[in-house]
Structure formats: structure tokens, C-alpha cells
Amino acid sequence: MASPLPLTRAPRSRLEEVDWNDLGFGRHFSDHMVSMRWRDGRWDDAEVIPYGPLAIEPGNAALHYGQTVFEGLKVFRGVDGRIRAFRPDANERRLQASCRRMCIPPPPDGSLATALEALVAVDHPWIPRRRGESLYVRPLIIGEESHLEVRPSRSFRMLVMSSPVRSYFATGQAGVSLKVDEEHTRSAPGGVGFAKTGGNYAASFLPAEIARREGFDQVLWLDGVEHRNIEEVGQMNIFFRLDDRVVTPPLRGTILPGVTRDSVLTLLHERGVEVAEEPIAIDSLVRAMEEGRVQEAFGAGTAAVIAPVGCIGVRGRRYDLPVGESGSLSGDLFETLTGIQFGERADAHGWMLELPPAEGLQPESSVQPALGASV
Ligand SMILES: *Cc1c(COP(=O)(O)O)cnc(C)c1O
């Protein structure tokens with residue numbers, strides 16, 4: 001299948017520069033990206049171009065005022081060799097919602113699927129072959145106008161780039177450690193917490209840096225009004241299993257509506273697990289941890305899929321949580337989700353979008369290690 005969009009090929013592939021045994025996350029970008037422009041009131045000029053530097057004027061308003069949105073989703077090479085994206089329709093809807101909040105014209109329905117198809121048609125050799133690894137796709141939209149007035153840009157650029165990424169499974173054994181931050185806030189009611197927009201992440205760097213210095217992996221955010229209720233982790237939504245039910249904070253505009261979160265809720269309902277989207281006060285979580293009633297906690301997000309939480313720090317105290325016990329929900333959810341993503345399990349919910357195989361697909365000639373090879 002040829003690219004559904006006009007294609008300008010990269011003069012030379014960077015595929016051979018990749019260390020497939022040490023992919024990291026977002027360290028390497030594939031040879032091409034999809035580009036679209038918003039001009040004269042419409043999204044247009046969709047094309048595939050070489051990944052590379054952009055010419056941006058220093059007066060570009062997005063650089064000054066942060067009118068940007070992004071997304072993150074994964075494309076998998078299944079154990080059956082087929083290529084599939086996980087729930088790109090959900091990412092597209094969220095991208096559109098982020099756009100509306102940030103005064104960016106939302107790209108029309110189906111543009112992400114078209115972009116994925118075009119990107120995979122040309123950059124399929126970049127999709128890792130090892131079970132667990134995947135091609136992370138990062139759509140980005142930025143205001144393109146150069147002006148210093150504080151107002152929305154009138155032209156925009158959308159880019160869809162991709163990066164082969166490692167499997168998180170190997171590092172997840174001990175569980176992540178989270179620091180409850182009672183000083184800083186990630187978002188506030190009426191703000192932009194539900195949008196994947198740059199400023200949310202820039203604002204989290206300092207609190208995350210402080211947490212790291214104190215020996216934690218990430219911050220567990222509380223609400224921005226009273227610092228009372230648990231919200232989420234920097235790039236993951238949070239779930240707790242206590243008293244044989246599962247709870248996760250509700251979506252009220254201050255947390256990111258994760259696609260993984262939604263998938264986890266669907267799977268838990270399906271299994272008959274009692275699950276509630278309800279506020280979780282930090283005080284009651286502390287009490288539950290002191291009384292040993294927290295059976296497990298885990299984060300849910302595209303990058304790690306499911307990340308068990310091994311430790312939560314609150315007010316100078318550390319509470320260890322059970323990780324990796326047999327029969328844990330987090331292990332089960334991880335296996336189920338990745339099983340669906342890699343085509344090992346039936347996709348009962350229609351979550352996977354199969355991307356047509358590209359013409360001239362030659363797995364044998366790939367510079368990557370053979371399928372199933374171990375690190
Ligand atoms: C992206 C993100 C998530 C997870 O969303 P997924 O769609 O599951 O990847 C959670 N919280 C924040 C702040 C995020 O940016």
C-alpha cells in the first residue's frame with residue numbers, strides 16, 4: 001500500500017544509528033513525519049516529509065505564550081506480524097478537546113488515522129519487532145504565527161512524529177515511588193488540566209525535580225484548591241485497590257482523561273470488579289495505608305501501560321505497598337492490555353486499528369534483531 005499522502009523521502013535513513021538494545025523513550029525519531037497546516041480557515045497540505053529541524057521565527061507566538069497541544073499513542077507490531085495502533089480514535093477525540101480549550105482549530109475526524117497510515121507506510125521498519133516494544137507516535141500542534149500580541153495564532157502546524165520505544169516491563173518490578181506534593185499544584189478547576197498542553201508539563205518540572213532529590217520517581221498530585229483529594233501522576237492516572245474495590249479519581253476537568261484509564265475501567269467492569277470513580281482524600285488513603293488496607297496501587301498511561309506503585313511518601317513518611325504479588329490486578333491488567341495490543345488476545349472492544357501492510361515489507365532485511373530475540 002502506497003502512502004495515502006504526498007511523500008518526500010528522507011535523503012538517507014537514520015535507521016542504522018539506532019541501538020535496538022537500548023531504545024529509551026523518545027530518544028530516536030523515525031525518518032519521516034506527517035505535516036499539516038491550518039491556513040485560511042482550514043486544515044490542509046497534509047504530506048509526509050523527512051523528520052528534521054523546522055524554520056521557526058523567534059517571534060513565533062507558541063514559543064512565547066505556549067499555544068501548543070500534543071498527544072501520545074502507540075503502534076505495535078503484533079506477534080502475528082500485523083501492525084496495529086491502540087485506540088487512535090480516542091486520542092484524536094482528546095486532541096480535539098485539547099485544541100478547543102487552547103483556541104486551536106481541531107483537526108477533522110480521521111486525520112490521525114490517515115497520518116498513522118501514511119507514516120507507517122513509509123516508516124514501518126522503525127516499528128520494533130520485540131514483544132513489549134512499540135512505535136510511540138507523538139502528534140503535536142503549534143501556533144505558527146509570528147506576533148507578540150497576546151492572542152491566538154491565526155496559522156497552525158500539525159506534525160505527527162514517531163519514536164521506537166522500549167518495553168517498560170523490565171523496569172517495573174520494584175514499582176514506582178510517588179511523593180504526595182502538598183505544596184505545588186498541577187492544575188486547578190477551570191484551568192487546562194484535562195488538556196495535553198505544554199505548560200502543564202513545564203509547570204511540573206520543579207516539583208518533580210524536588211521529588212527526585214528526595215528519592216521519589218514521580219509526584220502524586222493533589223487537587224489545586226485544598227490539596228485534599230488525590231488527582232493523578234505526571235503522565236499516568238492513578239488507581240487504588242483497597243477493601244476489595246478499585247477506586248480512581250473522577251474526571252472533573254483537572255486531570256487528564258487517559259485512554260489507558262478508560263481501558264482499565266472497561267476491563268475491570270467486564271471482570272465484575274467493583275470499581276468507582278470517586279474522590280480519594282489523601283487523609284483517608286494515609287489511614288488505609290497505616291491500617292494495611294491498600295492491597296495495591298498502580299498508574300495507567302500509554303508509556304508504561306500499567307505501572308505498579310511500590311511506595312507512597314506523604315508528609316515525610318514512606319508507605320510501602322505490595323507489588324508483583326500473584327493475582328495482582330496490575331499484573332493481570334498489564335498482561336491483558338499488552339496481549340490485546342500485540343495481537344495475542346481477542347480485541348473484543350474494537351480497540352486496535354490495523355494499519356495496512358506497506359509495499360515491499362521485508363522483515364528479513366531489517367537491521368533490527370530478529371523477532372523474539374532477548375536483550
Ligand atoms: C497522557 C497523560 C496521561 C495518560 O493518558 P493515556 O492516554 O493513558 O496515555 C495521564 N496524565 C497526564 C498528565 C498525561 O499527560
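For clarity, every value in this text was computed on a predicted model and none was experimentally measured. Counting starts at 1 for both ligands and their atoms, in listed order.
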N/O to N/O under 3.5 Å, ligand 1 against protein:
unit_1, atom_1, unit_2, atom_2, d
ligand 1, 5 (O), R94, NH1, 3.4
ligand 1, 7 (O), R94, NH1, 2.7
ligand 1, 7 (O), R94, NH2, 3.1
ligand 1, 7 (O), V259, N, 2.8
ligand 1, 8 (O), V259, N, 3.3
ligand 1, 8 (O), T260, N, 2.9
ligand 1, 8 (O), T260, OG1, 2.6
ligand 1, 9 (O), T302, N, 2.9
ligand 1, 9 (O), T302, OG1, 2.6
ligand 1, 11 (N), E232, OE1, 2.5
ligand 1, 15 (O), K196, NZ, 2.7
ligand 1, 15 (O), Y201, OH, 2.4

Given a cutoff of under 4.5 Å between side-chain heavy atoms of I, L, V, M, F, W and Y, with clusters grown through shared members, what are the other residues clustered with I255?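 Its cluster partners, ordered by chain and number, are L251.
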Under 3.5 Å, side-chain donor or acceptor atoms of residues 42-53 against the rest of the protein: list the pairs with distances, not counting sequence neighbours.
unit_1, atom_1, unit_2, atom_2, d
W43, NE1, P105, O, 2.9
W43, NE1, P106, O, 3.4
D45, OD2, R39, NH2, 2.5

Over all heavy atoms of both residues, which pair between L112 and P88 is shortest? Give the atoms and the distance, please.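 Scanning both residues completely, I find the closest heavy atoms to be CD2-O, 3.6 Å.
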Please list all pairs passing the ring-ring contact (aromatic ring centres under 6.0 Å, His included) test where one or both residues lie in residues 204-257, with sequence neighbours left out. F239-F298
Report the C-alpha distance between H32 and S162 in whole Å, list the side-chain angles of each, state the deciding distance to 0.1 Å, and finish with yes or no for side-chain contact (heavy atoms from CB on, under 4.5 Å). CA-CA 8 Å; H32 300 88; S162 73; over 6 Å; no
Can you tell which of L222, I312, L178, D223 makes a side chain to side chain contact (heavy atoms under 4.5 Å, CB included) with I230?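 The residue from L222, I312, L178, D223 that satisfies side chain to side chain contact (heavy atoms under 4.5 Å, CB included) with I230 turns out to be L222.
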